[in-house]
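Ligands are counted one by one from 1 in listed order, and the atoms in each one are counted from 1 as well. Every heavy atom of this structure was used, including side-chain atoms; hydrogens, water molecules and symmetry mates were not.
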Amino acid sequence: MSINFSQRSPLPKIKNLVLGETVGQGSFAFVKAACLESNPETVVAVKFVHLPTCVKHGLSEKDAIQEVVIQSKCSDHLNILKVIDCNVTKNFLWIAMEMAGGGDLFDKIEPDVGVDAEVAQFYFKQLISAVTYLHEKCGIAHRDIKPENILLDSDGNLKLADFGLASQFRRKDGTKRLSSDTRGSLPYMAPEILHSRNYHADLTDIWSCGVLVFVLLTGETPWEQPSRDDDQFREFSENCGNMVSGPWNKISLTQLNLVRKMLQPDPRKRVTLSELRTHVWYTSLVSFSDEGGRCNDPQLLSQKLLSKLHVSLSDDAYTQFMKDDFCLKIPTHTSTQPIQSEIADLRHDSFCASGRLATQHEFFGQPGSRQASNPDTEWTQQVHVDMATQQFQVNSIPEGAFISTSVLTKFYSHREMSSILPMLEYALRNFSIPVKTGSYETFLELRDSHKLEDVFPVTIQIKTMDRKGWFLSGNVSLSNAYGGLVLISFNRRSGDPLEWRRLFKKVSLVCRELVYVP
Ligand SMILES: Nc1ncnc2c1ncn2[C@@H]1O[C@H](COP(=O)(O)OP(=O)(O)OP(=O)(O)O)[C@@H](O)[C@H]1O
């Protein structure tokens with residue numbers, strides 16, 4: 001799905017708000033930072049849902065509005081993304097929400113590794129707290145709990161978002177309504193959704209939380225779908241959940257016991273939320289949070305997150321990778337697959353253009369940037385404390401790391417565009433991602449037709465199939481950043497985020513000469 005909303009419809013004006021940079025884009029919507037006209041310190045996020053695109057893909061305007069109505073009803077919890085205001089205009093539904101300054105949770109999960117166990121515990125506690133509030137106070141089941149629908153605030157607290165599939169399972173008189181539709185994302189979906197005629201939607205949320213904890217602890221989903229056609233799920237069912245091989249090996253006993261109770265295929269035997277809240281993983285304190293479960297040491301949390309995030313650019317990794325993966329171009333299960341009909345070329349992204357890249361760090365002001373007075377030291381500090389840069393470092397994590405406010409699938413380059421573009425093009429093409437040759441020449445043409453400082457950002461669209469055969473799309477965006485560096489950012493739009501990060505890591509390794517490592 002290739003959408004350029006800006007070319008199709010101009011953005012509506014929103015009273016009292018000044019729109020800033022684009023902070024994210026999904027299949028139907030994009031999100032911009034905005035601040036109050038009267039108080040620029042107050043920053044919010046505004047999501048613009050493009051209604052014609054929704055309708056084109058079978059989602060009615062009413063469905064899109066219903067999502068906001070439900071989310072507004074349950075906005076009174078620390079771990080649920082707050083809706084502030086919304087309205088419908090000719091082409092857009094806009095929703096002003098609290099800004100999730102820490103970006104997406106999925107972006108902080110290392111594929112095949114997961115996150116630090118204490119970080120997993122912290123997010124498990126916050127998620128169970130949010131789901132308890134949703135079920136017990138609001139009578140609403142989320143029905144699409146997965147890392148892609150979880151954002152973080154700038155202190156790293158979890159914010160459950162995307163209520164597009166949520167439904168009211170408890171009636172006003174307290175009785176429960178059964179569900180019968182097949183909704184959700186297959187790897188996170190409870191088996192009864194596929195196999196039973198009627199089921200309790202709230203119980204399926206507990207299953208999805210179990211899969212999510214599994215992903216946090218291992219960096220992969222336990223199966224593709226909860227059906228007997230899936231080898232992993234069949235093995236799990238045949239062994240009554242007693243799994244010790246593969247990714248299950250990475251989980252310690254206490255957590256394994258917990259995950260198995262949540263992944264109980266019989267919903268009547270599945271652990272309840274109140275039982276989960278008595279589990280030691282829920283009751284014991286996390287070193288970087290207060291009694292209320294809120295993060296009180298974001299720096300420690302960032303360091304713990306970073307301790308698992310690593311992109312190796314070493315000679316060994318490079319040689320091994322070139323030998324095993326890259327030049328062989330083995331199709332089926334080892335690499336991405338082309339979608340032949342679409343060949344991406346380099347484009348000027350007028351929508352995100354803002355001259356020099358205004359990053360969220362600047363928008364909000366981050367530790368280290370406020371006090372810095374010398375522009376040279378300012379950019380070095382910014383780049384060096386950015387989690388994205390630190391993931392390439394082999395040694396210690398420097399003091400001052402902060403929860404990254406934008407995607408981690410990015411690197412800075414100190415090289416010229418004449419080196420960057422051909423190398424990126426070479427890497428992408430060798431991962432079977434169709435990109436037109438001659439992107440540097442295209443860049444020069446674009447530069448001639450724009451003012452030099454206005455040519456950025458330029459983007460290359462990516463549409464491919466991941467190694468499991470699922471659609472994966474997004475773009476690689478090149479912007480001018482601090483100190484003359486070029487920021488190369490891989491922005492996922494749809495598909496498995498773990499696969500997206502795998503792709504980013506491989507491209508970074510192949511293009512390692514481009515990557516700026518302090
Ligand atoms: N409140 C927010 N604060 C900061 N960033 C946000 C916020 N809401 C969304 N984003 C960013 O925008 C991206 C796209 O938003 P979202 O996933 O809601 O769009 P969508 O089109 O509804 O998604 P989908 O493709 O799942 O249907 C998110 O991945 C996230 O990076």
Side-chain angles (χ1 to χ4, degrees), residues 1-5 17 19-35 42-59 61 63-68 70-72 75 79-86 92-109 142-166 183-185 188 351-352 359-361 363-364 403-410 470-475 477 489-497 500-501:
M1 208 184 309
S2 175
I3 304 160
N4 190 341
F5 305 112
L17 279 187
L19 294 181
E21 62 169 320
T22 302
V23 295
Q25 186 161 346
S27 315
F28 306 106
F30 59 87
V31 180
K32 279 186 167 278
C35 62
T42 308
V43 177
V44 296
V46 185
K47 178 167 166 173
F48 292 91
V49 182
H50 192 246
L51 295 170
T53 305
C54 292
V55 172
K56 205 170 130 202
H57 291 89
L59 190 75
E61 209 172 300
D63 292 337
I65 295 167
Q66 180 66 5
E67 168 177 352
V68 196
I70 291 200
Q71 193 170 346
S72 330
S75 275
N79 302 117
I80 294 182
L81 194 72
K82 254 184 223 3
V83 170
I84 302 165
D85 197 3
C86 65
F92 288 99
L93 158 68
W94 62 257
I95 310 149
M97 306 171 276
E98 105 182 82
M99 168 59 79
D104 294 272
L105 172 65
F106 66 70
D107 200 35
K108 282 79 184 169
I109 305 175
H142 184 279
R143 312 198 55 187
D144 201 16
I145 294 172
K146 56 179 179 177
E148 293 92 309
N149 290 338
I150 292 177
L151 298 168
L152 305 180
D153 70 13
S154 49
D155 285 342
N157 292 303
L158 175 149
K159 301 281 170 181
L160 186 57
D162 209 333
F163 282 63
L165 302 184
R183 296 178 171 205
S185 310
Y188 295 84
F351 186 52
C352 294
T359 68
Q360 287 184 48
H361 312 164
F363 207 94
F364 302 120
I403 303 278
S404 187
T405 51
S406 58
V407 291
L408 287 182
T409 42
K410 67 177 188 187
W470 298 76
F471 186 59
L472 190 62
S473 79
N475 67 39
S477 152
S489 182
F490 289 63
N491 308 301
R492 185 196 72 107
R493 186 174 293 171
S494 66
D496 180 350
W500 186 254
R501 184 165 166 86

Side-chain (His50) to main-chain (Phe30) donor-acceptor, under 3.5 angstrom: no
N/O separation below 3.5 Å, Asn149 to ligand 1: no
Check: Gly102 main-chain N/O paired with Lys108 side-chain donor or acceptor under 3.5 Å: yes
Element-labelled atoms of ligand 1 that are located less than 4.0 Å from some non-hydrogen atom of Ala45: 1 (N), 2 (C), 3 (N)
N or O contact, Phe28 vs ligand 1, cut-off under 3.5 Å: yes
Close-contact set for ligand 1 against Leu81 heavy atoms, below 4.0 Å: 1 (N)
Within reach of ligand 1, part of Leu151 (heavy-atom separation under 4.0 Å): side chain
Within-4.5 Å side-chain heavy-atom neighbours: Phe28 and Leu51: no
Backbone N/O of Leu151 and side chain of Lys159: donor-acceptor pair under 3.5 Å: no
Contacting atoms of ligand 1, where contact means under 4.0 angstrom from a heavy atom of Asp104: 28 (C), 29 (O), 30 (C), 31 (O)
Side-chain donor or acceptor of Ser72 paired with backbone N/O of Val83 under 3.5 Å: no
Heavy-atom donor-acceptor pair, Asn149 side chain to Asp144 backbone, under 3.5 Å: yes
Region of Glu98 engaging ligand 1 - heavy atom pairs below 4.0 Å: backbone
Side-chain (Arg183) to main-chain (Leu165) donor-acceptor, under 3.5 angstrom: yes
Interfacing atoms of ligand 1 (cut-off 4.0 Å, heavy-atom, Gln25): 12 (O), 13 (C), 14 (C)
Nearest-option assignment for atom 4 (C) of ligand 1, heavy atoms, candidates Gly103, Ala100, Ser494, Gly102: Ala100
Element-labelled atoms of ligand 1 that are located less than 4.0 Å from some non-hydrogen atom of Gly24: 11 (C), 12 (O), 13 (C)
Worked verdict on Asn79 versus Leu160 for side-chain contact (heavy atoms from CB on, under 4.5 Å): CA-CA 6 Å; Asn79 302 117; Leu160 186 57; 5.9 Å; no
Atoms of ligand 1, numbered as shown, that sit under 4.0 Å from any heavy atom of Asp162: 26 (O)
Side chain to side chain, Phe163 and Leu81, heavy atoms closer than 4.5 Å: no
Ligand 1 atoms in contact with Met97 (distance to a heavy atom under 4.0 Å): 1 (N), 8 (N)
The one among Val23, Thr22, Val31, Ile84 that brings a heavy atom closest to atom 9 (C) of ligand 1: Val31
